[in-house]
A.B. asks: 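My questions will all concern the structure given below.
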Number of protein chains: 2
Amino acid sequence: MNRRPVTLIDVARAANVSIATVSRALSFPHKVSPETLGRIERTIEALGYVANGSARALASRRSRTIGALIPSLDNPSFATTVHALQRALGEAGYTVLLACHEFDPAAERRLARTLIERGVDGLVLLGTEHEPEVYALIERFRLPYVLTWALEEGGRHTCIGFDNRAAAARLTEHLLALGHRELAMISGMTANNERARERALGVREALRRSGVALDPGRFVEVPYTLQSGRDGLAQVIGQSPRPTAVICGNDLLAIGAIAECHARGLGVPEDVSVTGFDDMEIAAMLSPGLTTMHFPTQELGDLAAQQILRAIAGETVPARQELAVRLVVRGTTAPPRRGAES
Amino acid sequence: MNRRPVTLIDVARAANVSIATVSRALSFPHKVSPETLGRIERTIEALGYVANGSARALASRRSRTIGALIPSLDNPSFATTVHALQRALGEAGYTVLLACHEFDPAAERRLARTLIERGVDGLVLLGTEHEPEVYALIERFRLPYVLTWALEEGGRHTCIGFDNRAAAARLTEHLLALGHRELAMISGMTANNERARERALGVREALRRSGVALDPGRFVEVPYTLQSGRDGLAQVIGQSPRPTAVICGNDLLAIGAIAECHARGLGVPEDVSVTGFDDMEIAAMLSPGLTTMHFPTQELGDLAAQQILRAIAGETVPARQELAVRLVVRGTTAPPRRGAES
DNA sequence: TTGTAAGCGTTATCAC
DNA sequence: GTGATAACGCTTACAA
């Protein structure tokens, strides 16, 4: 029994050709005569040859590997995007190297470096805001990359994502149009997170435009967890007058907030109109009348894959691609009549 | 401006040592004199040297890379496990190569091959049931691996996971003990999925032991999606007499089922006791009185990481490691009194 | 169409 | 402790 893995040389010997020909058969089948090709393929099958990617990468300077640098996989929306990304890249022969920095800039620096060491051909980053060191590395290695989920104004980086600020503003305007005046927001942590920051900003701007105030007590900033959603709701709901609408930074926060409303005997959206961003499919199940801002997270993964593949191929890619978000109105969410409040 | 990446040779030249010494400084710092080490480190910093992983992998036959072969990232439970896995492996200097086969055996074969081509040092598979070809490849390359989420009886493969059958049986027995006699199950697709199959089997066995029948109309097999949960509930709830308890194959199905109950004006768990497996944190928010079987999915990822690292290091690893699941009883879920049913 | 051979950037085995 | 140097398995001009 042979311990040594089968190499190109073995295949070449067995097929009576040079290793160059075998290599060509693998990379450019059309550049090899049909007979030779057939013989080589049969030999490969017979010997069970599996190419050595490291050697390939070393010689060709391409690893057929793409790095995905994201905050976390615990956010189902990110998971969906990464899944779609992996699927699309896989079909193109690329494998995804996963790296989660958990919103820690130092971790992100470290991981970016590691991904580059691993020889990724391209990088898909989540978010537009990154450490200078990260951008410097990418720059120095001339690594094709694409920023996702958010959009960057400067035009310095190619990005594909959502206009988080506009989405938040639109959702807020919708609530205002319905007559809500007492609004609150349960935001995600805005540090190192331009998505959360943009959403908060969008809400604030829309309110300002309408001359509606957002009391400090009605804006809480919490991590993206279910429990934080509950806690956040508990905080803002205590304000007087009670908010009639609560905007949540993402799915998880909204789900937690709705649960807390239920726990307090508050109907959603009859008593409190809870709203939020991202997928919100589950949240809508929790509360069928929900109005939400839906982000096509899967489509984002697919398009990001196309984008990075194009960039690798040296094709020009749109510097800024915005994905449309959709306001999903599932029921009437007008504020409860005055006087009916606690 | 230099287009060529900085190599070991550049570092060696600049530091006035041989490349061997630089290599050593990187891999075995203690085997290099402090002065030399310092000089080399400073040079590396100054030149911005980043190691070439492909070359490293080719020469050392180790890529510092682990493959994660899973069904999907759209299942939040899997995402959590992969996240934990990535985190733990990252701390040990390993990077995760992600591959989702979406329950397609052909895709799994293809992906397993690709991961091996990429030179992964080890493989973490989700589930115990895999194509013979997958096992053959692993075998041929003597690739350290670990199966996760489920447990394998034969002892042929090292695995770490949950006893899905026992968990299902335990949950069922709990329901029976509460007095439920009219049970139904919304199962995941059992083909190529021993987790779903084991859970279904556990339910069936527990029922058989208690002499309770499970009508064919009360067992539906559906994909793991929210909508399937709704549809599944719609199907089983139509049976007469109406089931008093519905066991769902996983989180997503349970959430969908609960939503459908709500839509039908059925209280959960007052009218119908919906239960399920996996994380169930969200499901419990939907319906605070829920009784669920909680699987420590994050811990699984952590432990799987330790396991595969040990295997790579050549240490002996326990062939079979079972993670305890926890029955979480959040409220009384006795069946509604007879006659109160529709 | 096929073969020859020079790398690709490391690691690791020897000497010194 | 350090330095030559032969692999590692493949790609890719360049020749034939």
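Every chain is numbered from 1, with letters handed out A, B, ... down the list of sequences.
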A.B. asks: Is the B:Tyr135 ring parallel, tilted or perpendicular to the B:His157 ring (thresholds 30°, 60°)?
C.D. replies: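 Rings of B:Tyr135 and B:His157: parallel, under 30°.
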A.B. asks: Assess whether a salt bridge exists between A:Glu129 and A:Arg195, defined as any Lys/Arg side-chain N lying under 4.0 Å from an Asp/Glu carboxylate O.
C.D. replies: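 Salt bridge absent between A:Glu129 and A:Arg195.
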A.B. asks: Does a nitrogen or oxygen in the side chain of A:Ser33 sit under 4.0 Å from OP1 or OP2 of C:dT2?
C.D. replies: yes
A.B. asks: I want to confirm an ordering. Mapping B:Ala20 and B:Leu58 to their closest nucleotides on DNA chain C, which one lands closer to the 5' end?
C.D. replies: B:Leu58
A.B. asks: One thing to verify: whether A:Arg64 and B:Glu117 come together as a salt bridge, which I'm taking to mean a side-chain N less than 4.0 angstrom from a carboxylate O.
C.D. replies: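 Looking at B:Glu117 and A:Arg64, the cut-off is not met.
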A.B. asks: In whole Å, what is the span from the CZ atom of B:Arg56 to the C1' atom of C:dC8?
C.D. replies: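 Rounded to whole Å, this separation is 16 Å.
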A.B. asks: So if I take every side-chain heavy atom of B:Phe28 and compare against C:dG3, D:dG3, C:dA12, which nucleotide ends up nearest?
C.D. replies: C:dA12
A.B. asks: In whole Å, I'd like the distance from the NE2 atom of B:His30 to the C1' atom of D:dG1.
C.D. replies: 12 Å
A.B. asks: In terms of the nearest nucleotide of DNA chain D, which residue is placed more toward the 5' end: A:Asn52 or B:Val32?
C.D. replies: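 Going by which nucleotide is closer to the 5' end, it is B:Val32.
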A.B. asks: Between C:dT10, D:dG3, C:dT2, which nucleotide has the shortest distance from any of its atoms to the side chain of B:Thr21?
C.D. replies: D:dG3
A.B. asks: Salt bridge or not for B:Arg39 and B:Glu35, using N-O below 4.0 Å?
C.D. replies: no
A.B. asks: Under 3.5 Å, is there a donor on one side chain and an acceptor on the other for B:Ser33 and B:Thr36?
C.D. replies: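 Their side chains do contain a donor-acceptor pair, which is all the 3.5 Å distance test asks for.
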A.B. asks: What is the distance, rounded to the nearest whole Å, between atom CG of A:Asn16 and atom C1' of C:dT1?
C.D. replies: 16 Å
A.B. asks: Just compare C:dT10, D:dG3, D:dT11 and give me whichever is closest to any side-chain atom of A:Ser23.
C.D. replies: D:dT11
A.B. asks: Could you check how far CZ of B:Arg62 sits from C1' of D:dC8, rounded to whole Å?
C.D. replies: 14 Å
A.B. asks: Once you round it to whole Å, what is the distance between C1' of D:dG3 and CD1 of B:Ile40?
C.D. replies: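 These atoms are roughly 12 Å apart.
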A.B. asks: Just the rounded figure in Å: distance from C1' of D:dT2 to CD of B:Glu35.
C.D. replies: 13 Å
A.B. asks: Rounded to whole angstrom units, what separation is found between the CD1 atom of B:Ile19 and the C1' atom of D:dA4?
C.D. replies: 9 Å
A.B. asks: Among D:dC10, C:dT11, D:dG1, find the nucleotide with the atom closest to the side chain of B:Thr36.
C.D. replies: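 Of the candidates, D:dG1 comes closest.
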A.B. asks: Hey, does the side chain of A:Ser18 come within less than 4.0 Å of C:dG3's phosphate (OP1/OP2), counting only N and O?
C.D. replies: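 Indeed, a polar side-chain atom of A:Ser18 lies that close.
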A.B. asks: Does A:Arg61 contact C:dG7 through a side-chain donor or acceptor facing the base, at a distance under 3.5 Å?
C.D. replies: no
A.B. asks: Under 3.5 Å, is there an N or O donor on one side and an acceptor on the other linking the side chain of B:Arg24 and the base of D:dG3?
C.D. replies: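 Indeed there is one.
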A.B. asks: CG of B:Leu26 versus C1' of D:dG1: gap in Å, rounded?
C.D. replies: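 Value for this atom pair: 17 Å.
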